2 protein chains.
Amino acid sequence: MEGGQLQAVENNQSLAERLFVTLRGEIVEGQLAAGSKISEPELARRFSASRGSLREALMRLESLGLLERRVHVGARVVDLTERGLLDLYEVREALEGMACRLAAQNRSDEDLTELRQMLARHEQQEELQAGKAYFQPEGDFDFHFRIVQASKNDLLIDTLCNRLYYRVRMYRYQLGMASPRAKRAFREHSHIIEAIEAGDGELAELLMRRHIRASRNNIEKKLTTET
Amino acid sequence: MEGGQLQAVENNQSLAERLFVTLRGEIVEGQLAAGSKISEPELARRFSASRGSLREALMRLESLGLLERRVHVGARVVDLTERGLLDLYEVREALEGMACRLAAQNRSDEDLTELRQMLARHEQQEELQAGKAYFQPEGDFDFHFRIVQASKNDLLIDTLCNRLYYRVRMYRYQLGMASPRAKRAFREHSHIIEAIEAGDGELAELLMRRHIRASRNNIEKKLTTET
DNA sequence: TCAACCCAGATTGTCGACAATCTTTATAAG
DNA sequence: CTTATAAAGATTGTCGACAATCTGGGTTGA
């Protein structure tokens, strides 16, 4: 348990905000173990901050669903369950499907060119490390992320990119989720972009939902056979 | 601006929690006007609470999307825009559609009987006040609410019932949304329940999405003709 | 031996005060 | 008269201390 370095982030923000960002990272990457209890005094000492500022950060983490607080008992990091992971996939299927439908309607030309560039980069990476058998996970995130932004629905963007995003990353880091085969994921992404370019929202939604559901089924199968 | 009565809620909760619930109600019903600035010292005095406790309540409200805070500037109640209302419908279409699909799979027998009872009550009410031309809005909420709970997906339930729910109510109260015709809404609800009972998730999702999209289109048309 | 009760220690909730920052108003220069 | 500058006032962010509550261990009684 090191003396904590606060990330610089943006220097002009509030202390509570920096604490929030730092702790969020530690929870996602598992340095603050899933299921473990949070001691306010201890964490406050570790960052040389007051309990008040720390508490503000904790409450933001709670609203992200990264920890649970109970009155007069304290905060615990959420624990990762198979059920929670599968639930998350179902919500993503619904929301990202809708995001694709809307992106096909509302995308700007700039959105489209950026998506195409991103896809090209992924293809290069894939060819370079063809043997490596898995996709850059961050690249996959970026792709989904970028599509959501093209939907132009602020509530949808906030829900997916600010609220569910970190939960997804937490599962990826700590349950080391099966990443779909690079080749197949690449082709699916490619088809989704084509549907978006063609303005076919119905197809774009269908493809994205199938894409996400395939991942979910993959995980579900792996979990039921392993346990 | 009255001296504020804190709702009893549950007496054994924290002060910040009670402040949160009270303020949430005032924002939803418009007593704290949309778009208006929040003065921490003023509100704290009004409830005879410290600024610290009040700030905790404000932060929870922020995470509900009911107010926006900017560093060193303060909090404002969100303002209601047509765009925001339409965005909200799109997110609900995606999430409640998925909730219906899952409810068809995962509902308990108890869920189903409660839904049927609820529908029966609505039919009675409707016959009683047939001329009144509009549905009890709370009844409609309850119906959607109850379906979501039958989905058994905790993340979905939390997102819809704890996060989006109050935003929906806020728009209903303050923009006095067009409530769909009672007769038609009732029939649509009835068909949705039948699909859920039959375990036909695909149909249930389709019907719910159509149901919500019809409301959205109704609003959209009304807004574009009025302005 | 086991259960209920009680006490001590620690943790969380709440408060008031101080420091940093923003907004507004008044002033002065162009 | 307009614009820029600067001081004053108010608001927000941060802190440390006190009160209310929970947790764990020990004691007492059946």
Side-chain angles (χ1 to χ4, degrees), chain A residues 1 3-24 27 32-33 35-64 66-79, chain B residues 1 3-24 27 32-33 35-64 66-79:
Chain A
M1 203 69 76
Q5 309 296 345
L6 281 188
Q7 303 184 18
V9 187
E10 305 293 331
N11 236 347
N12 50 358
Q13 296 180 355
S14 74
L15 170 59
E17 178 87 14
R18 287 184 309 240
L19 284 169
F20 165 65
V21 172
T22 302
L23 290 174
R24 186 181 63 192
I27 292 178
L32 253 60
S36 63
K37 184 165 183 345
I38 296 282
S39 163
E40 291 183 3
E42 179 189 331
L43 268 190
R45 275 195 305 275
R46 185 172 144 217
F47 293 108
S48 314
S50 78
R51 260 186 62 223
S53 301
L54 182 84
R55 277 168 65 86
E56 178 167 339
L58 292 185
M59 293 196 315
R60 297 199 199 185
L61 291 169
E62 181 187 20
S63 81
L64 273 192
L66 258 39
L67 49 84
E68 296 167 343
R69 292 181 34 177
R70 289 171 53 183
V71 228
H72 285 296
V73 173
R76 308 188 77 86
V77 181
V78 294
D79 34 32
Chain B
M1 203 70 78
Q5 311 296 346
L6 281 187
Q7 305 185 16
V9 186
E10 304 293 332
N11 234 348
N12 50 0
Q13 295 180 356
S14 73
L15 170 59
E17 179 86 14
R18 289 185 308 244
L19 284 168
F20 165 66
V21 173
T22 302
L23 289 174
R24 186 180 63 192
I27 292 179
L32 253 61
S36 63
K37 184 166 184 344
I38 297 282
S39 163
E40 290 183 3
E42 178 188 331
L43 267 190
R45 275 196 304 274
R46 184 172 147 218
F47 293 108
S48 316
S50 78
R51 261 186 61 220
S53 300
L54 181 85
R55 278 168 65 86
E56 178 167 340
L58 293 185
M59 293 196 315
R60 296 199 200 183
L61 290 170
E62 180 187 21
S63 82
L64 273 191
L66 258 40
L67 49 84
E68 297 168 341
R69 292 182 32 176
R70 289 171 55 184
V71 221
H72 284 297
V73 172
R76 310 189 77 85
V77 181
V78 294
D79 33 31

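These figures come from a predicted structure and were not determined experimentally. A, B, ... follow the sequence lines: proteins, then strands. Residue 1 opens every chain.
- Arg51(B) pairs by the side chain to side chain donor-acceptor pair (under 3.5 Å) definition with Glu40(B), not counting sequence neighbours.
- Arg60(A) meets the side chain to side chain donor-acceptor pair (under 3.5 Å) test with Glu17(A), Glu56(A); sequence neighbours excluded.
- With sequence neighbours left out, the side chain to side chain contact (heavy atoms under 4.5 Å, CB included) criterion links Ser50(B) to Ser53(B).
- Closest non-hydrogen pair, Ser14(A) versus Val71(B), comes out as CB-CG1, 3.8 Å.
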Inset, instruction - Could you encode protein contacts along nucleotides 11-17 of chain D as a string, one character per nucleotide from 5' to 3', using B for base contact, S for sugar-phosphate-only contact and - for no contact, with a heavy-atom cut-off of under 4.0 Å? - result: -BBBB--
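- Taking the side chain to side chain contact (heavy atoms under 4.5 Å, CB included) definition, one finds that Ser39(A) meets it with Pro41(A), Glu42(A), sequence neighbours left out.
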